[in-house]
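To keep things clear, I will list the structure first and then write my remarks on it.
The shown structure was predicted, so the numbers you read here are calculated from the model rather than taken from an experiment. Sequential numbering from 1 along the given sequence is applied to the chain's residues.
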Amino acid sequence: MVEETQTRKRIAEVFWAFLALGLTSFGGPVAHLGYFRTAFVERRQWLSENAYADLVALCQFLPGPASSQVGFALGLLRAGPWGAAMAWLAFTLPSAIILLLFALGAAVLDGPIASGIIHGLKVVAVAIVAHAVWGMARNLCPDKTRAGIALAAVFTVVLVSGPLGQVAAIVLGGLVGLALCRNSAAIGETAPLHFPVSRRAGMIALGLFGGLLVLLPLMAGGAVWLNVIDAFYRSGALVFGGGHVVLPLLEAEVVQSGWITPDEFLAGYGAAQAVPGPLFTFAAYLGALLPGMNGVVGALLALLAIFIPGFLLLVGVLPFWNQFRRWGSAQALMRGANAAVVGILGAALYQPVWISAIIGAEEFALALTGFLLLTVWKLPVWIVVAIVAFGGVAIAP
């Protein structure tokens, strides 16, 4: 009974923690990783800096929405399968509801005050990501070798844009770490992460991922709802890096097929830029507009279908993760990969986070205020978010 009560408390803790993030996490998937680090590594100490960077590197390698996969794994680590479900639900629900309402015609994003708050929330993302880069660099790049790997990762993602650049940076960082970081002291806790997923469950998840990818196109055509699941499942299964990278796949499925118009697609994409949480919730907007479907049902089907493949892959890989991390060569490889993650986050601080939010001196001053409140005054993130968000009302163009 005591253990059951403790589990329920942890599930509730996961839900409320991720709901707060789902309401305030602007800036895209890499910015979300900064928010997660502040919330779960620094404040709640659910896992170590090294373990978090390992998890980020793993999710960057897998197809699907990387930040949502990290959040799903954090919920799984803290409170088991229900914790994982609550982490996804709470992080995804706010933006999904807003975009569903937008598709159904509610003017949820209009008005100068709402626009000012959104502007401020974009600025606070700069402070959050800068804080994450600063903290991770101190822990994961403590020597010249790993600092050099991080710098090389910045150049890699600048020269090779998109998810290919991110994957290339991590691969190159891992290879350099394998060669040069064998004698480096590990920083932080190196204990294994105990995800409640058996090897059998992992193999079943991988089988489901592959089976659905093959079978859904064969089953599509018989019913509208099957067509919807097939289109959005393939979009979620075949995209690396998540976020904006999924847009061409979705455009091919819903615009080129004639389900929705290009104008409707672009209007929804614009709205998705102005809401917090994962960009994959754009699927809720698209699903609500699909012909032959009830708006809410279509939104729900599209939303589940686009997220499920990434989660199946993650569950399939996690049971084998600890064994991989124990190998000496793997530890050296992960030191290099973790340093590369710092570089990727540093590059993202400029593009897209900085250039989308800092359009003048007022925004720079507001972002700097948020950064100092986090690093010097060490205020809770939600207070900093509130201060900077309402500051955005005062400076909004």
State, yes or no, whether a side-chain contact exists between [X] and [Y] at a heavy-atom distance under 4.5 Å.
| X | Y | result |
| --- | --- | --- |
| Val14 | Trp46 | yes |
| Val296 | Leu100 | yes |
| Arg234 | Leu216 | no |
| Leu368 | Glu363 | no |
| Pro94 | Val275 | no |
| Leu318 | Leu76 | yes |
| Val228 | Tyr233 | no |
| Tyr285 | Phe265 | no |

Separation between [atom1] of [X] and [atom2] of [Y], rounded to the nearest 0.5 Å:
| X | Y | atom1 | atom2 | result |
| --- | --- | --- | --- | --- |
| Cys59 | Leu33 | SG | CG | 8.5 Å |
| Asn227 | Glu253 | CG | CD | 10.0 Å |
| Met86 | Leu89 | CE | CG | 5.0 Å |
| Leu212 | Asp230 | CG | CG | 10.0 Å |
| Ile149 | Cys141 | CD1 | SG | 8.0 Å |
| Leu93 | Leu23 | CG | CG | 9.0 Å |

Between [X] and [Y], is there shared hydrophobic-cluster membership here, with clusters defined by ILVMFWY side-chain heavy atoms closer than 4.5 Å?
| X | Y | answer |
| --- | --- | --- |
| Tyr350 | Leu345 | yes |
| Leu208 | Leu313 | yes |
| Val376 | Phe364 | yes |
| Leu151 | Leu349 | no |
| Val123 | Ile387 | yes |

Checklist line | Identified side chain to side chain contact (heavy atoms under 4.5 Å, CB included) counterpart of Phe232 within the set Leu301, Leu286, Leu303 | finding: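 So, applying the side chain to side chain contact (heavy atoms under 4.5 Å, CB included) to Phe232 and each of Leu301, Leu286, Leu303, only Leu286 qualifies.
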Next item on the list: Could you go through the side-chain contact (heavy atoms from CB on, under 4.5 Å) check for Glu49 and Glu42 one step at a time?
Entry: CA-CA 8 Å; Glu49 191 83 77; Glu42 277 199 349; 5.8 Å; no
What are the two closest non-hydrogen atoms of [X] and [Y], and how far apart are they?
| X | Y | value |
| --- | --- | --- |
| Ser95 | Gly277 | OG-CA, 4.2 Å |
| Leu47 | Ala51 | CD1-C, 4.0 Å |
| Gly236 | Pro309 | C-CG, 3.7 Å |
| Leu366 | Gly391 | CD2-C, 3.8 Å |
| Phe320 | Met203 | CZ-SD, 3.9 Å |
| Ala127 | Leu374 | O-CD1, 3.9 Å |

Next item on the list: Apply side-chain contact (heavy atoms from CB on, under 4.5 Å) to His131 and Thr38, showing your working.
Entry: CA-CA 8 Å; His131 181 236; Thr38 301; 3.6 Å; yes
Note to self: Assess the residue pair Arg182 and Ser329 against the criterion (side chain to side chain donor-acceptor pair (under 3.5 Å)); give the C-alpha distance rounded to whole Å, side-chain angles, the decisive distance to 0.1 Å, and a yes or no.
What the structure shows: CA-CA 7 Å; Arg182 290 182 178 272; Ser329 295; 3.2 Å; yes
Check: Between Phe36 and His32, how do the two ring planes meet: parallel, tilted or perpendicular, split at 30° and 60°?
Finding: tilted
Next item on the list: Mind telling me whether Phe280 and Phe307 have parallel, tilted or perpendicular rings, with 30° and 60° as the class edges?
Entry: tilted
Next item on the list: Could you tell me if the ring centre of Tyr35 sits under 6.0 Å from that of Phe91?
Entry: no
Check: For Val158, which fellow cluster members are found when Ile, Leu, Val, Met, Phe, Trp and Tyr are connected by side-chain heavy-atom distances below 4.5 angstrom, either directly or through intermediates?
Finding: Val154
So, the side chain of [X] versus the backbone of [Y]: is there a donor-acceptor pair under 3.5 Å, distance only?
| X | Y | answer |
| --- | --- | --- |
| Arg199 | Pro319 | no |
| Arg10 | Arg78 | yes |
| Thr281 | Pro278 | yes |

Notebook entry, point to check: Yes or no on side-chain contact (heavy atoms from CB on, under 4.5 Å) for Leu314 and Leu58, after CA distance, side-chain angles and deciding distance?
Noted result: CA-CA 9 Å; Leu314 180 64; Leu58 170 64; 4.2 Å; yes
Next item on the list: Output, in order, the C-alpha distance, side-chain angles, deciding distance and verdict of ring-ring contact (aromatic ring centres under 6.0 Å, His included) for Phe18 and Phe40.
Entry: CA-CA 10 Å; Phe18 275 93; Phe40 304 119; 4.8 Å; yes
Note to self: I'd like to know whether CZ of Arg8 has more than 12 heavy-atom contacts from other residues, nucleotides or ligands below 6.0 angstrom.
What the structure shows: no
Check: Can a donor-acceptor pair be found between the side chains of Asn50 and Asn338 at a distance below 3.5 Å?
Finding: no
Next item on the list: Test Val255 against Thr261 for side-chain contact (heavy atoms from CB on, under 4.5 Å), laying out the working first.
Entry: CA-CA 6 Å; Val255 176; Thr261 68; over 6 Å; no
